[in-house]
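To start, the structure itself, in structure tokens.
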Amino acid sequence: MGRGKIEIKRIENANNRVVTFSKRRNGLVKKAKEITVLCDAKVALIVFASNGKMTDYCCPSMDLGAMLDQYQKLSGKKLWDAKHENLSNEIDMIKKENDSLQLELRHLKGEDIQSLNLKNLMGIEHAIEHGLDKVRDHQMEFLMTKRRNEKMLVEENRQLSFQLQQQEMAIASNARGMMMRDQDGQFGYRVQPTQPNLQEKIMSLVID
């Protein structure tokens, strides 16, 4: 018993609508893959669900961007405005510049130079020598700065050592003075004033 025909209209039941979408979407992707393999066709498929979720497929022999560009050329429909075209051209230019810089960097490393002519090789040699000169200049400047800093540190260390020595001598001198005063007080040593002897006293009386 075969299936009856389904009326093609919006499915009102939300659950049935989601299930039907999932099945039919998978069927579309499967058919797109089959026609790509069986017929050597270039196929691209983009499906948006009602919730905005996207499903896409593009044949392995061409990416989706190239497929859309070809569609635009053959159909005559403008997919991109002037602003987007300028942006796309700028991106392509940046990619080319990046590829060129990457190639130049490989050349400076000595890689992929077999295809270069004598003029290009001389230019690379000049660039390398110029770079080496700048590296040597920077290295010399770094060494001189390091030596100046070392001299400053040595002089600063000498001054600090001298100051420390002076402080240690002052502390030792103060300690000796305090020790002597403590000893004088302990043993009762007192400095007596000088008294005149007896003979000097008698002579003084006779003269008077």
Original post:
For Leu103, which fellow cluster members are found when Ile, Leu, Val, Met, Phe, Trp and Tyr are connected by side-chain heavy-atom distances below 4.5 angstrom, either directly or through intermediates?
Top reply: none
Original post:
How is the hydrophobic cluster of Met122 composed, in terms of its other members, when Ile, Leu, Val, Met, Phe, Trp and Tyr link through side-chain heavy atoms under 4.5 Å apart, directly or indirectly?
Top reply: Leu118
Side chains of residues 13-25: which donor-acceptor pairs under 3.5 Å do they make with residues two or more places apart or in other chains?
unit_1 : atom_1 : unit_2 : atom_2 : d
Asn13  : OD1    : Asn15  : N      : 3.1
Asn13  : OD1    : Asn16  : N      : 2.9
Arg17  : NH1    : Ile11  : O      : 2.6
Arg17  : NH1    : Glu12  : O      : 3.3
Thr20  : OG1    : Asn16  : O      : 2.8

Subject >> Nearest non-hydrogen partners of Gln70 and Met62, listed with the distance >> reply: OE1-CE, 3.3 Å
Subject >> For Lys134, all residues meeting salt bridge (Lys or Arg N to Asp or Glu O under 4.0 Å), sequence neighbours excluded >> reply: none
**OP:** For Asp137, enumerate each residue passing the salt bridge (Lys or Arg N to Asp or Glu O under 4.0 Å) test, keeping only those at least two apart in sequence or located in another chain.
**Re:** none
If you look only at distance, which donor and acceptor atoms sit under 3.5 Å apart when one is on a side chain in residues 153-169 and the other is two or more places apart or in another chain?
unit_1 : atom_1 : unit_2 : atom_2 : d
Glu155 : OE1    : Arg158 : NE     : 3.4
Glu155 : OE2    : Arg158 : NH2    : 2.7
Glu155 : OE2    : Gln159 : NE2    : 3.2
Ser161 : OG     : Asn157 : O      : 2.9

Subject >> From CD (Glu150) to CG (Leu143), nearest 0.5 Å >> reply: 9.5 Å
Original post:
Which distance, rounded to the nearest 0.5 Å, do you find between the CG of Asp63 and the CG of Leu68?
Top reply: 9.0 Å
Original post:
In chain order, what residues pass the side-chain hydrogen bond (donor to acceptor under 3.5 Å, both in side chains) check against Ser115, with sequence neighbours excluded?
Top reply: none
Subject >> Partners meeting salt bridge (Lys or Arg N to Asp or Glu O under 4.0 Å) with Arg106 (sequence neighbours left out) >> reply: Asp112
Original post:
Between atom CG of Asn149 and atom CE of Met144, what is the distance when rounded to the nearest 0.5 Å?
Top reply: 12.0 Å
Check: residues 32-58 side-chain donor-acceptor pairs under 3.5 Å, at least two apart:
unit_1 : atom_1 : unit_2 : atom_2 : d
Thr36  : OG1    : Ala32  : O      : 2.7
Thr36  : OG1    : Tyr57  : OH     : 3.3
Asn51  : OD1    : Lys53  : N      : 3.1

Subject >> Cluster companions of Ile128 among Ile, Leu, Val, Met, Phe, Trp, Tyr (side-chain spacing under 4.5 Å) >> reply: Leu108, Ile113, Leu116, Leu121, Ile124, Leu132
**OP:** Determine, stepwise, if the pair Asp92 / Asn89 fulfils side-chain hydrogen bond (donor to acceptor under 3.5 Å, both in side chains).
**Re:** CA-CA 5 Å; Asp92 292 339; Asn89 293 334; over 6 Å; no
**OP:** Among Ile, Leu, Val, Met, Phe, Trp and Tyr joined by side-chain contacts under 4.5 Å, find the other residues sharing a cluster with Leu101 and list them by chain and number.
**Re:** none
Original post:
Is there a salt bridge (Lys or Arg N to Asp or Glu O under 4.0 Å) between Arg136 and Asp133 once you walk through the steps?
Top reply: CA-CA 5 Å; Arg136 292 191 184 100; Asp133 290 339; 3.4 Å; yes
Sequence neighbours left out, cut at 3.5 Å: what donor-acceptor pairs do the side chains of residues 171-180 make with other protein atoms?
unit_1 : atom_1 : unit_2 : atom_2 : d
Asn174 : ND2    : Ala170 : O      : 3.2

